[in-house]
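In what follows, chains are A, B, ... by sequence order, proteins preceding strands, each numbered from 1.
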There are 4 protein chains.
Amino acid sequence: MRHEKVEVIFQAAVEVFAESGFDQAKMDEIAQAAGVAKGTIYYHFKSKEELFVGLMNEGMEKLSDCVRRGIALKKSPSEQLEALLHAHILFFVKNGKLAKLLLNEAFGTKERQRQFRTKIREYLNLIESVLQQGIEQGEFQMAHPREMASAIFGAASVVVLQKIYSLEENQSEEIEATAPTMIESVQQLVFHPLIK
Amino acid sequence: MRHEKVEVIFQAAVEVFAESGFDQAKMDEIAQAAGVAKGTIYYHFKSKEELFVGLMNEGMEKLSDCVRRGIALKKSPSEQLEALLHAHILFFVKNGKLAKLLLNEAFGTKERQRQFRTKIREYLNLIESVLQQGIEQGEFQMAHPREMASAIFGAASVVVLQKIYSLEENQSEEIEATAPTMIESVQQLVFHPLIK
Amino acid sequence: MRHEKVEVIFQAAVEVFAESGFDQAKMDEIAQAAGVAKGTIYYHFKSKEELFVGLMNEGMEKLSDCVRRGIALKKSPSEQLEALLHAHILFFVKNGKLAKLLLNEAFGTKERQRQFRTKIREYLNLIESVLQQGIEQGEFQMAHPREMASAIFGAASVVVLQKIYSLEENQSEEIEATAPTMIESVQQLVFHPLIK
Amino acid sequence: MRHEKVEVIFQAAVEVFAESGFDQAKMDEIAQAAGVAKGTIYYHFKSKEELFVGLMNEGMEKLSDCVRRGIALKKSPSEQLEALLHAHILFFVKNGKLAKLLLNEAFGTKERQRQFRTKIREYLNLIESVLQQGIEQGEFQMAHPREMASAIFGAASVVVLQKIYSLEENQSEEIEATAPTMIESVQQLVFHPLIK
DNA sequence: GATGAATGAGTTTTCATTCAT
DNA sequence: AATGAATGAAAACTCATTCAT
């Protein structure tokens with residue numbers, strides 16, 4: 001297993017980065033939150049950026065794994081897509097901190113953001129491949145599976161993020177209870193027309 | 001009409017903020033890009049934050065206006081929703097800089113971000129009201145119009161953002177040509193099931 | 001004339017760099033000594049290194065000018081060499097701080113030191129050209145004017161440095177009084193054999 | 001005999017200190033170069049400073065021994081002085097790393113430098129005593145043997161240093177071949193007038 | 001209205017040193 | 001004897017903001 005202190009630092013870093021964003025996050029704060037000296041972080045990570053990138057990669061890895069596991073149980077593309085949405089939203093609900101970071105830091109021209117987008121691109125490819133299979137097997141019908149993948153990703157992600165922040169502003173914490181609502185909405189968007 | 005210098009500063013600020021994000025953007029750089037002295041910015045704006053907030057508010061205003069104008073021409077909610085998506089995507093395509101800022105700075109706990117989210121909330125209300133009318137007039141059918149509004153907003157925004165950055169990485173600039181692809185995709189998502 | 005603050009910073013920097021050497025010198029200390037804020041130094045100089053290099057260049061420039069002026073008054077190479085030694089030693093005596101920096105920072109593989117050595121090389125060329133002329137005019141006789149230039153430079157410089165530090169340890173300050181002693185010694189080394 | 005590890009550390013330390021100077025040299029780098037753990041250095045030396053001082057003392061010791069051995073074979077002061085110059089220059093040529101350190105770290109107000117200068121003072125006394133004997137025995141003639149000792153030390157040292165760095169910049173390594181040139185030059189400076 | 005030199009609080013990062021194993 | 005993870009004090013540098021001109 002990974003070095004104990006590294007784990008502690010990772011935990012603390014997610015909290016702090018999610019709370020403040022990359023630039024506003026202070027290494028001091030991360031160190032304090034982790035209960036280690038600032039030097040200790042630098043003993044394990046070359047820089048703030050490297051720490052952040054490590055974090056993001058791990059986060060995307062977890063999301064991918066989680067979604068892949070959900071898909072693996074299903075046979076037909078439409079069931080797989082359903083499972084994908086379900087897993088994606090639940091993952092974001094359970095890992096709100098990561099979700100915040102994901103959208104906050106996904107876009108931008110900094111190197112770390114570019115690197116990060118590569119990971120997102122991979123995740124989008126996963127979605128796209130499900131769509132593609134559906135098309136090939138005659139289940140789905142769409143002209144632009146790549147754009148559709150982005151749109152679905154955006155819908156599923158922003159629903160959760162918006163909910164997180166709106167609940168935060170009302171200081172309620174019962175987000176898990178609202179998961180079905182969000183899943184249902186995105187499922188409808190994808191599988192049924194809004195129009196009667 | 002607004003003071004000439006203010007306009008110049010606004011223009012420059014959008015560029016710089018979009019390129020670097022709020023924190024990494026330097027007032028020096030904005031001043032240089034605007035061709036004014038740094039002090040001049042502070043003569044017109046109290047702070048970096050105020051400049052940014054002014055910018056974002058104006059941006060959201062423009063987006064709202066643009067969408068509202070699109071809707072106004074239509075009668076039925078479904079036509080209105082169609083027009084809304086169309087206008088939203090075209091606006092983001094035409095104002096890529098603003099689009100970047102929008103998603104980059106929409107989430108976070110800083111005061112400026114909270115303020116900004118208020119504007120987004122208003123925009124989401126606009127979408128929601130179209131959905132609501134559709135329900136009332138028996139055109140639409142959905143359990144959670146609020147969540148649906150978020151999902152639609154996310155789908156339409158992320159499609160464009162993802163496209164912008166993916167084109168940037170390939171150094172092509174022909175994003176306007178791809179607008180129909182994106183509009184079509186989101187329209188399908190909203191109006192037709194993916195499933196045959 | 002040069003900007004007032006720049007001048008003040010230069011003055012302070014010579015003091016501090018000479019006292020502590022490049023690495024041990026703190027920008028804080030220089031700022032305090034100059035009576036300006038640390039930021040002011042960085043407003044005028046890009047980095048500690050740039051400040052230092054500027055300083056050294058100016059120092060070598062002054063030394064060169066001073067020696068050149070001494071030489072200019074003389075006709076024959078031997079008179080010129082005499083004047084050169086005289087001027088060099090007096091300059092070091094008057095500008096002890098600079099003399100310290102000169103020897104302390106002349107050697108090393110850092111970029112700033114390499115740059116600095118280029119200036120010293122130029123100064124050595126000046127000495128060498130006097131020697132060369134002496135040879136051509138039949139006044140001097142030597143096999144390796146380049147090495148001789150280094151040797152003379154070393155003799156004249158180290159004599160003064162050693163004296164500065166030995167006086168410092170005895171807390172006496174009367175170095176100017178000892179200048180003739182040093183000049184005489186180096187003159188003898190160059191013009192008369194030690195051997196009777 | 002000295003502990004094996006101590007020897008290894010010394011070797012590595014000379015390299016690293018000579019390459020980077022005292023301040024820029026990193027204990028990590030020395031440890032790596034020596035192939036031991038950082039803690040091991042601290043097991044054998046109390047501090048970076050102590051390691052450095054030990055090094056310098058040993059270096060000066062070796063120089064002194066080498067020169068003393070050269071002198072011991074000669075009888076007359078002028079032969080002794082000749083041998084001294086010869087030994088000094090050859091020692092610097094053979095121990096370039098040490099030579100660099102010697103001049104780089106000889107001057108300055110830090111405690112380690114003061115300590116080091118004590119050793120140099122002793123070496124200068126050795127030179128001075130040869131001069132003094134020459135005067136007493138009627139071979140030499142000079143007003144200020146102490147200053148003359150400094151001047152000779154400076155000439156002999158700087159000649160080599162300047163050559164080392166100028167060859168380094170041209171990436172040639174044949175310094176040993178140039179030793180006679182340098183010895184000859186300093187010998188002339190000391191024993192024969194430049195003037196015909 | 002406009003300017004840009006000056007400021008100093010705030011941040012990342014480095015590295016000698018320690019100490020439990 | 002030897003190790004190397006952990007530490008925290010120290011330093012270079014940044015940049016939003018101010019203000020005299």
(request) Drop me the distance from C/S47's OG to C/I41's CD1, to the nearest 0.5 angstrom. (result) 11.5 Å

(message) Could you check whether any side-chain N or O of A/Q113 sits under 3.5 Å from a backbone N or O of A/F107, counting only pairs where one atom can act as donor and the other as acceptor?
(response) yes

(request) Provide, to the nearest angstrom, the distance between the CZ atom belonging to B/F45 and the P atom belonging to E/dG1. (result) 13 Å

(message) What is the separation between atom CD1 on A/I41 and atom P on F/dG8, rounded to the nearest whole Å?
(response) 13 Å

(request) Dot-bracket notation for DNA chain F is requested: 5' to 3', Watson-Crick or G-U wobble pairs only, both distances under 3.5 Å, with ( ), [ ], | and . as defined. (result) .||||||||||||||||||||

(request) Assess the side chains of D/Q11 and D/E7: does a donor N or O sit below 3.5 Å from an acceptor N or O? (result) yes

(message) Walk along nucleotides 15-21 of chain E from 5' to 3' and tag each nucleotide B, S or - by protein heavy-atom contact under 4.0 Å, base first, then sugar-phosphate.
(response) SSBB---

(message) I want to check one thing: is the phosphate of E/dA6, taken as OP1 and OP2, less than 4.0 Å away from some side-chain N or O of C/H3?
(response) yes

(request) Check every atom of E/dA2, F/dT7, F/dA2 against the side chain of B/K5 and return the nucleotide holding the closest atom. (result) E/dA2

(request) Provide, to the nearest angstrom, the distance between the CD1 atom belonging to D/I30 and the C1' atom belonging to F/dG4. (result) 17 Å

(request) Report yes or no: is the cationic atom of B/K48 (NZ for Lys, CZ for Arg) closer than 6.0 Å to the six-membered ring centre of B/F22, at no more than 45° off its axis? (result) yes

(message) What is the separation between atom CD on A/Q32 and atom P on E/dT11, rounded to the nearest whole Å?
(response) 13 Å

(message) Under the criterion side chain to side chain contact (heavy atoms under 4.5 Å, CB included), I'd like the reasoning laid out for B/I30 against B/L51: C-alpha separation, chi angles, the key distance, then a yes or no.
(response) CA-CA 11 Å; B/I30 295 174; B/L51 171 58; 4.2 Å; yes

(request) Could you state the atom-to-atom distance from NE2 of C/H44 to P of E/dG4 in whole Å? (result) 14 Å

(message) Would C/R117 and D/Y165 count as a cation-pi pair here, with the cationic atom under 6.0 angstrom from the ring centre and within 45° of the axis?
(response) yes

(message) Output the rounded distance in Å from CD (D/E7) to P (F/dA1).
(response) 16 Å

(message) Give me the distance, rounded to whole Å, that separates E/dG1 from F/dT21 when you measure between the P atoms they each carry.
(response) 22 Å

(message) I'd like to check D/M60 versus D/F116 (side-chain heavy atoms, cut-off strictly below 4.5 Å). Are they in contact?
(response) yes

(request) Spell out, as yes or no, whether a donor-acceptor pair under 3.5 Å connects the side chain of C/R114 to the backbone of C/T109. (result) yes

(request) Using the closest heavy atom to pick a nucleotide of DNA chain E for each, name whichever of C/V36 or B/A37 lands nearer the 5' end. (result) B/A37

(request) Go through B/E61 and B/S64 one step at a time and tell me if the side chain to side chain contact (heavy atoms under 4.5 Å, CB included) criterion holds. (result) CA-CA 5 Å; B/E61 215 72 40; B/S64 268; 5.8 Å; no

(request) Measure from CD on B/E50 to C1' on F/dA16 and round the result to the nearest Å. (result) 14 Å

